[in-house]
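Heads up, the thing below is written out as structure tokens.
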Amino acid sequence: MANWFTQFAGEAGGSGMSSYGRALDAGYTPEQIAAAVPNSGLSVGWRLRDTISTINAGSQASAAAAQAQSQAANYESQLSSYKSQLDDYSRRFSDVNNQYQTALSGKAKAEGIATEWEGKWNTSQSDYEEAKKLADSYREEAISRQLSGLQSGRTTQGTQATPFSGLAGGASAISKAASDKESALAIENKISAEDSVLSRKGPVVEMMNAGRGSGTGSEQATRSLAGGTRHYASRFS
């Protein structure tokens with residue numbers, strides 16, 4: 001099957017290195033020439049065949065290299081994407097780690113504050129219990145004093161009518177003692193007087209004798225008794 005390469009055929013109607021050279025001079029690339037020679041219908045010399053083989057091998061190698069390069073570029077792009085993702089993951093991990101450390105610090109601080117306030121609460125509770133016990137003791141003492149005061153007030157009201165019951169009671173006791181003493185002295189004086197009268201026989205006998213002069217015996221006896229009574233009344237009045 002003839003193609004554009006037939007125009008570079010040699011004098012014998014075949015193709016060789018001279019044909020290859022003229023095609024290069026015409027502006028065709030080695031790859032184009034190597035692709036056109038097998039389909040030109042021309043006989044191909046061994047040197048042009050080797051050159052085409054070399055060109056094809058080179059083209060295949062180039063294609064493989066280009067493919068490899070493309071794959072490498074693709075891999076590099078993927079690696080770059082992976083690297084970007086890893087950087088993002090690293091940044092996020094760093095942020096999370098910072099937040100975690102901040103949370104730990106806040107947790108430790110909160111635990112410290114909680115411990116501090118727990119200590120303050122325990123101290124306040126202890127102070128409250130102590131103050132409550134003290135207040136209860138004061139209250140019991142106050143109640144005891146009030147009860148004692150009430151009992152003392154009832155006793156005072158039952159014995160004395162004035163606020164100065166103690167002084168009044170003392171004065172009354174002194175007055176009573178003085179009165180008792182005076183009564184005792186008065187009785188003693190009366191007894192002494194009685195004894196002195198009884199021991200004085202003269203006046204009694206005289207009064208009785210004086211009454212014997214007139215009247216009947218009963219009248220004389222009555223006068224004698226009345227005179228004696230008056231005498232004793234005057235002595236003890």
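Residues: numbered from 1 along the sequence shown.
Between Asp127 atom CG and Leu134 atom CG the span is 12.0 Å, to the nearest 0.5 Å. Rounding to the nearest 0.5 Å places OG of Ser105 at 12.0 Å from OH of Tyr100. Distance CD/Gln85 to CD/Gln78: 10.5 Å, rounded to 0.5 Å. In this structure, the separation between CG on Asn74 and CD on Gln67 is 11.5 Å, given to the nearest 0.5 Å. The OG atom of Ser70 sits 9.5 Å away from the OH atom of Tyr75 when rounded to the nearest 0.5 Å. Taking CD of Glu116 as the start and NZ of Lys109 as the end, the distance is 11.5 Å to the nearest 0.5 Å.
Considering Val44, Asp50, Leu48 as possible partners of Trp46, the one that fulfils the side-chain contact (heavy atoms from CB on, under 4.5 Å) test is Asp50.
Checking side-chain atoms of Ser77 against main-chain N and O of Ala73 turns up no donor-acceptor pair under 3.5 Å. A donor-acceptor contact shorter than 3.5 Å is absent between the side chain of Asn97 and the backbone of Phe93. A distance-only check finds a donor-acceptor pair linking the side chain of Ser15 to the backbone of Ser43 [under 3.5 Å]. Checking side-chain atoms of Ser144 against main-chain N and O of Glu140 turns up no donor-acceptor pair under 3.5 Å. For the pair Ser94 (side chain) and Ser90 (backbone), a donor-acceptor distance under 3.5 Å is absent.
Shortest non-hydrogen contact noted between Asn3 and Ala36 is ND2-O, 2.9 Å. Across Thr6 and Ser40, no two heavy atoms sit closer than the pair CG2-O, 3.3 Å. The two atoms that bring Tyr20 and Phe5 nearest to each other are N-CZ, 4.4 Å, heavy atoms only. Counting all heavy atoms, side chain and backbone alike, Ser19 lies closest to Gly10 at OG-N, 3.9 Å.
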Query raised in the report: Taking it one step at a time, do Ile33 and Trp4 satisfy side-chain contact (heavy atoms from CB on, under 4.5 Å)?
Result: CA-CA 10 Å; Ile33 295 171; Trp4 59 267; 4.1 Å; yes
_Lys132 vs Asp136, test: side-chain contact (heavy atoms from CB on, under 4.5 Å). Steps then yes/no._
CA-CA 6 Å; Lys132 185 175 181 297; Asp136 290 341; 3.4 Å; yes
Let me see the working for Glu76 and Ser80 under side-chain contact (heavy atoms from CB on, under 4.5 Å), right down to the final yes or no.
CA-CA 6 Å; Glu76 185 176 359; Ser80 178; 5.6 Å; no
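When hydrophobic clusters are built by joining Ile, Leu, Val, Met, Phe, Trp and Tyr residues whose side-chain heavy atoms come closer than 4.5 Å, directly or via intermediates, Leu86 is not grouped with Leu79.
The pair Arg91-Asp95 meets the salt-bridge criterion, since a charged nitrogen lies less than 4.0 angstrom from a carboxylate oxygen. For the pair Lys133 and Glu129, the salt-bridge criterion is not met [side-chain N within less than 4.0 Å of a carboxylate O].
Atom CD of Gln69 has 12 or fewer heavy atoms from other residues, nucleotides or ligands within 6.0 Å.
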